[in-house]
Amino acid sequence: MKWLDIPPIWLLVCLVAAWFSPWVLPFQPLFWLGLFSLILAGVLTLAALIEFRRRRTTPIPHMPPSALITGGVFRISRNPIYLADMLILFGFALIWGKLLGIVLLPVLFVILDRRFIRVEEAQLRTAFPEGFEAYKHQTRRWV
């Protein structure tokens, strides 16, 4: 069951809950803002995956890192894919006009932070002690 404990599954659970929720936003759906959020999420994810491939390390959570990535999109955020996950939930919530999608944003944030980011940062700190500390002080966790 550990293979189910990955960020895309948590994101999918939030998206499905939002989609089936009867709660609607108190304003009209914001299609263009939602679409922009989705496009930005796609760009962040693609840029991050390119860096993972370039450095020959895995983007899969709970796997030991073989490299510390500090370049490309990782100069802006230490967690661009998790940021993209948040943007995906936000984007679909706006497009669908679903209030629960907005309400679930802090829930997804906490899940990503506690279940994945903190664990990954501990792994990076162990594997690359000096490099990670310098990177941590240079680049913010989210944006």
- request: Carefully, step by step, assess F52 and F74 under the rule ring-ring contact (aromatic ring centres under 6.0 Å, His included).
  value: CA-CA 10 Å; F52 275 106; F74 288 90; 5.6 Å; yes
Under 3.5 Å, is there a donor-acceptor pair between the side chain of [X] and the main chain of [Y]?
{"X": "R78", "Y": "K136", "result": "yes"}
{"X": "T126", "Y": "A122", "result": "yes"}
{"X": "S77", "Y": "W142", "result": "yes"}
{"X": "S37", "Y": "L33", "result": "no"}

Shortest non-hydrogen separation from [X] to [Y] and the atoms involved:
{"X": "I95", "Y": "L35", "value": "CD1-N, 3.7 Å"}
{"X": "Y82", "Y": "I117", "value": "CD1-CG1, 3.4 Å"}
{"X": "A84", "Y": "T45", "value": "CB-OG1, 3.2 Å"}
{"X": "P61", "Y": "P7", "value": "CG-CD, 3.4 Å"}
{"X": "G131", "Y": "L68", "value": "C-CD2, 3.4 Å"}
{"X": "A67", "Y": "L124", "value": "O-CD2, 4.3 Å"}

Report task. Not counting sequence neighbours, which residues clear side chain to side chain donor-acceptor pair (under 3.5 Å) with T57? List them please. Result ->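 S66.
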**Asked** side chain to side chain contact (heavy atoms under 4.5 Å, CB included) between L38 and I88: does it pass, once the steps are laid out?
**Response** CA-CA 5 Å; L38 294 177; I88 290 168; 4.2 Å; yes
Atom [atom1] in [X], atom [atom2] in [Y]: separation rounded to 0.5 Å?
{"X": "L4", "Y": "W10", "atom1": "CG", "atom2": "CH2", "answer": "10.0 Å"}
{"X": "T70", "Y": "R55", "atom1": "OG1", "atom2": "CZ", "answer": "6.5 Å"}
{"X": "L94", "Y": "F31", "atom1": "CG", "atom2": "CZ", "answer": "11.5 Å"}
{"X": "L104", "Y": "C14", "atom1": "CG", "atom2": "SG", "answer": "4.5 Å"}
{"X": "M86", "Y": "L108", "atom1": "CE", "atom2": "CG", "answer": "5.0 Å"}

Around atom [atom1] of [X], are there more than 12 heavy atoms of other residues, nucleotides or ligands at under 6.0 Å?
{"X": "R118", "atom1": "CZ", "result": "yes"}
{"X": "R141", "atom1": "CZ", "result": "yes"}
{"X": "F36", "atom1": "CZ", "result": "no"}

Q.
Angle between ring planes, F116 versus H62, binned at 30° and 60°: parallel, tilted or perpendicular?
A.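 Answer is tilted, since the angle falls between 30° and 60°.
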- request: Sort out for me which residue in D85, L87, L49, I81 forms a side-chain contact (heavy atoms from CB on, under 4.5 Å) with L44.
  value: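 By the side-chain contact (heavy atoms from CB on, under 4.5 Å) criterion, L44 pairs with just one of D85, L87, L49, I81: L87.
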- Message: Set out, in order, the CA-CA distance, both residues' side-chain angles and the distance that settles salt bridge (Lys or Arg N to Asp or Glu O under 4.0 Å) for E51 and R54, then state yes or no.
- Response: CA-CA 5 Å; E51 290 300 318; R54 184 176 292 154; 2.7 Å; yes
